[in-house]
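Written below as structure tokens is the structure these notes are about.
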Amino acid sequence: MLLTPAAILLIAFTYYPAVATLGQSFFSAGTALKPSVFVGVENYSFMLDDEVFWQVLKNNLWYAVGTIPASIAIALLMAVWVNGKLPLRGFIRMSYFTPTVLPMIAVANIWLFFYTPQIGLIDQVAGVLGLTTYNWLGDPDTVLTCIIVMTIWKEAGFFMIFYLAALQSLPPELEEAAKLEGAGRWYYFRRVVFPLLMPTTLFVLINAIINSFKLVDQLFILTKGGPDNASSLLLYYIYEVAFSFFDQAYASTLTVVLLVSLAVIAIGQFVFLDKRIHYR
């Protein structure tokens, strides 16, 4: 009885929508004059021939490669630094964490001010240095990199909190024993601290991978997937198909592929990495 309210919410807003989405992916897109009919795997066959799908999937993979390692590495460096004895340590921690609490729309507008040609902050600084202005978000060669930089700026502080909590939970006796053995700071971090942080790294890695596939807000403000789908990512493409093209069936197909891919990645990480990173 105590679990019933939570179970009702999970079923209503998680399990039932997932099952309904899976079922809808086997039907055609219906209209008021032409109801949807069962088409089997036709939507999945169409997806395999969809050039835009393969382009946004490739964009998403490059986006993940660009954001995940950099965000985790910067978060770890920040956590190690603010874990030490620094003046104004609380202010520095707050500064690192502030981008995390900002709404996604606000973050996108801040970086839109940076990237806007001629009047943006980057081009204003470039003008002072005598450099030419550049349309950062209008060039297919630079637009995805601009979004990657913005994402790293926002997510690194969030991951830093988990690393900082893990660092503060380490027994101080380990560092004292390492000093008695004559171990340097780098050797102590590499052979003692970092292996003990691996459970946290696994948790952060799974969250980073999931986050890399659920970007919508920033794209809606910054580029709307352009130019020529150069910055469009998988979840934004699903949003376009569902609410701009009104093809709920094909959007459901893309959603099923996204959910299955994320589930396989998460399960694979737990199966192959979990036993290798926990010390018992």
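Quick note: numbers below take in every heavy atom, side chains included, and nothing from hydrogens, waters or symmetry partners.
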Parallel, tilted or perpendicular, as decided by the 30° and 60° cut-offs, for the rings of F26 and Y44: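 The rings of Y44 and F26 sit tilted, inter-plane angle from 30° to 60°.
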
Parallel, tilted or perpendicular, as decided by the 30° and 60° cut-offs, for the rings of W81 and Y96: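 Ring orientation, 0 to 90° scale: tilted.
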
Drop me the distance from [X]'s [atom1] to [Y]'s [atom2], to the nearest 0.5 angstrom.
X    : Y    : atom1 : atom2 : result
L205 : S71  : CG    : OG    : 11.0 Å
L259 : F213 : CG    : CZ    : 12.0 Å
W62  : T145 : CH2   : OG1   : 10.5 Å
L77  : M160 : CG    : CE    : 12.0 Å
F194 : T200 : CZ    : OG1   : 10.5 Å
I148 : T67  : CD1   : OG1   : 6.5 Å

Would you mind reporting whether [Y] and [X] have side-chain heavy atoms less than 4.5 Å apart?
X    : Y    : answer
Y237 : V52  : yes
L174 : P171 : yes
W54  : L57  : yes
Y115 : V149 : yes
V65  : L61  : no
V143 : W136 : no
L180 : E176 : no
V82  : L164 : yes

Heavy-atom neighbours of [X] [atom1] exceed 12 at 6.0 Å:
X    : atom1 : value
L3   : CG    : no
R185 : CZ    : no
E42  : CD    : no
F38  : CZ    : yes
Q168 : CD    : yes
R190 : CZ    : yes

Side chains of Y239 and S244, donor plus acceptor under 3.5 Å: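 Side-chain D/A pair, Y239 to S244: absent.
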
Distance-only polar pair, side chains of Y250 and D50, donor-acceptor under 3.5 Å: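 Side-chain D/A pair, Y250 to D50: present.
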
List the atom pairs, donor and acceptor, that lie under 3.5 Å between side-chain atoms in residues 103-113 and the rest of the protein, sequence neighbours left out.
residue : atom : partner : partner atom : Å
N109    : ND2  : I105    : O            : 2.7

Qualifying residue, where the test is side chain to side chain contact (heavy atoms under 4.5 Å, CB included) with Y236 and the options are T223, L219, N229: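 Of all the options given, the one that passes is L219.
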
Is there a path of hydrophobic side-chain contacts, each under 4.5 Å between heavy atoms of I/L/V/M/F/W/Y residues, joining [Y] to [X]?
X    : Y    : answer
W153 : V125 : yes
W186 : M78  : yes
L258 : F245 : yes
I68  : F203 : yes
V264 : L22  : yes

Would you check if the side chain of [X] reaches a backbone N or O of [Y] as a donor-acceptor pair within less than 3.5 Å?
X    : Y    : value
Q118 : N135 : no
N43  : S28  : no
K224 : F220 : yes
N60  : V56  : no

For L197 against L76, the heavy-atom pair lying closest together: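 Heavy-atom minimum between the residues: CD1-CD1, 3.7 Å.
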
Cation-pi, F158 ring and K154 (6.0 angstrom, 45 degrees):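 Output no; distance or angle outside limits.
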
Residues E155, I152; criterion side-chain contact (heavy atoms from CB on, under 4.5 Å); working and verdict: CA-CA 5 Å; E155 289 193 345; I152 293 172; over 6 Å; no

Contacts of S252 that satisfy side chain to side chain donor-acceptor pair (under 3.5 Å) - sequence neighbours left out: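 Partners of S252 by the side chain to side chain donor-acceptor pair (under 3.5 Å) criterion, ordered by chain and then number, come out as Q24.
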
Worked check of side-chain hydrogen bond (donor to acceptor under 3.5 Å, both in side chains) between Y63 and S231: CA-CA 9 Å; Y63 174 79; S231 64; over 6 Å; no

